[in-house]
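Below, read A as the first sequence line, B as the second, and so on, with proteins coming before strands; counting in each chain starts at 1.
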Amino acid sequence: MSKNSINIISSKRGLFSINFKEIWQYRDLLTLFVKRDFISVYKQTVLGPTWFVIQPILTTFIYTVIFGGIAGIGTDGIPKFLFYLAGITCWGYFSECFLKTSNVFVTNTELFGKVYFPRMIAPLSIVVSNLLKFTVQFILFIVAYCYYYLTGTNVHFNWVLTMVPILILLTALMGIGLGMVISSLTTKYKDLRFLIAFGVQLVMYTTPIIYPFSLIKNKLGEYYWLAYFNPITPIIESFKYAFFGKGTLDLAGLTFSAIFAIVVMIVGTVIFNKVEKSFMDTV
Amino acid sequence: MSWQIKVENLSKMYRLGEVGTGSLTQDLNRFWAKIRGKEDPYSKVALTNDRTQKAKSDFVWALRDINFTVNQGDVLGIVGRNGAGKSTLLKVLSKITSPTEGTITTKGRIASLLEVGTGMHPEMTARENIYLNGAILGMTKKEITSKFHDIVDFSGCAMYIDTPIKRFSSGMRVRLGFAVAAFLEPEILVVDEVLAVGDADFQSKAIGKMKDISKNSGRTVLFVSHNMVAVKSLCKTGILIENGTVKAQDTANNIVDLYLEKASENLTPEINVIDPKFENDQIKFETLTVYPKVPNISEDFEIKFKIKLHNDGLSGLNIAFDLVSSQEVIVFGSGLFAERNTDGYVEATCTIPKNFLNTGVYYLNIYISNESRRNLMSLNEVVSFEIIEDNRDYNYLGKVNGLIRPQLNWKVN
């Protein structure tokens, strides 16, 4: 901000008057928030950042035993460990972004109540922090993938691999967008915090993570597109298709997800921008 | 001189009571009014911010039609009683919450210091926290790096720079926080009573720095405080806020005088024993009074206690009080253990000698505890009274400075 620029604080603010310039000026704060999140996780732990991979490994292991072994749910011939790990990694990124963003006002009340900075920095830093975590987990997945690939297991990647960055971007947009929509409500109606915490877990079971999409397809027959009403489904399905060459790549479904992610991001930003200026009075 | 801050018709409405189920209907009403393009249906019924009246509506104006202008380089003191709306004004100025009506126009960047060390993380080192806190306050990494050595020097934490601040004493954390804030360079600085923390050495350092900022850098500063001494010494101009409105804007000295005058209008040298705060399951105040009610500086006066004991197990009470000046300085504290009498009361009287306290308004903070010093009741600023002076045997008629006014022996040689 230049020395004599005029700033106006007013009760009225347009729906789309988001100050992107200001957010850009505070970019250093974003990196420092990310650093803080990272440091606070591994300070004074023996294993440090290794915790980022221990969690998915253990979860995958349990899923492999329970769903793969005991329940006997098929995985389209893909190695069970790899199949679950792919789903868990993608889903983990989405759910962390979503849950943390939806609580952003509540967890930052102290800070937001004492000092002003563009509030968008907080959800953006959540997305970036979790992207780092996701990257570590993704590397774990790649290592496991290479092992299976080189030992001659029946997995084949294909051209969809080039779309993986877009898939990750869509996951992030959906997480932060939905999170911002909910965050505006959690400031006032605290019930929602409990609802979404287990709601997210329930939604996970409607997403093809512990079972292949082909299973739904067989059950629903020609109405299989109903499953696409869960907009995260096409993203995770495409991710698996890219690496395993099995399952479905449904471009219509993916387009729906992309549109959903963009719309929810815009709506979320507008709502967030509206709520941030007076949430201190209701939180 | 050109203006730097212009506040026009600023108002802020708050909801009274709990934000709960009733709020959903009100929200829907509001939403319905909004989409029809009508104004907020609740803004008309809101009350003025007067805490002495029982609320008749669910909404209250914490600030109502505030107008003032601050010139460039001005140091403006904002004074007012607790709950007058000072903090709300600061929050609106700092963009923490938005006004209900009106606008604030500013030239340049506003940085606000409502607390020192905001957002510091205990697990991070002092070095990392300087960067984090600086960035939260609006500095860029580059700016912080260029001032890093000055900040460390000023904080006096050079030795512990790579230690996580959870190992720091609270005083050191405050030092570190203030050091970062002191090197902020916005055009406008909004400061809440941050000076009320830290030890004496640090306070004088902080006040010195504040003076430095306000006198030498030509920066515009808004300063909110209860410490009238600080307001007088730091500020050039001031505004007095009362019940959410601006009562006066004048030089800092005049504003402080006006504030003190206003404060003495509502003195209570005798407590109202019907007030439930003077009774609990252990004790009940029967009398707590200053006698005479308006003491003269040339006569002794008494503080009388009479307390009924509800608990038969109490053999007596420790009665203690702090005498606080209107500028919130504790002049002295005193106390004793008083045994219960046969009627089940504790009665005690403390005599304050004449020619000891200066004229002015004083408050009492009362602390009652049992034999083993377990606290039974503490009351802050319950009794207030003014010491006056009706004649003086020398020529000067203005107020004599100081908290105490002993009669000293003078000899003319």
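When the heavy atoms of residues 119-140 of chain A are compared with those of chain B, the residues falling under 4.5 Å are A:R119, listed by number.
Of the two parts of B:K12, only the side chain, counted from C-beta on, holds a non-hydrogen atom closer than 4.5 Å to a non-hydrogen atom of chain A. The part of B:S94 that comes within reach of chain A is its backbone (N, CA, C, O), which places non-hydrogen atoms under 4.5 angstrom from that chain. Neither the backbone nor the side chain of B:L90 comes within less than 4.5 Å of any heavy atom of chain A. Looking at A:F112, only its backbone comes within 4.5 Å of chain B, counting heavy atoms on both sides.
B:I96 approaches A:G113 most closely through the heavy-atom pair CD1-O, 3.4 Å. Pairing each heavy atom of A:I39 with each of B:E128, the nearest pair is CD1-OE2, 3.3 Å. Considering every non-hydrogen atom in both B:S112 and A:V115, the closest pair reads O-CG2, 4.5 Å.
When the shell of 6.0 Å around OH of B:Y160 is examined, it contains 12 or fewer heavy atoms from other residues, nucleotides or ligands.
Of the inter-residue distances, the one linking B:K141 atom NZ with A:L32 atom CG reads 5.5 Å to the nearest 0.5 angstrom. Separation of atoms CD (A:Q25) and CE (B:M139) is listed at 15.0 Å; rounding is to 0.5 Å.
In terms of non-hydrogen atom pairs under 4.5 Å with chain A, the most contact-rich of B:I110, B:N129, B:L132, B:V190 is B:L132. Interface summary for chain A: among B:L137, B:T97, B:T140, the most heavy-atom pairs under 4.5 angstrom belong to B:T97.
A:L111 is listed as a side-chain neighbour of B:T118, based on a closest heavy-atom distance under 4.5 Å.
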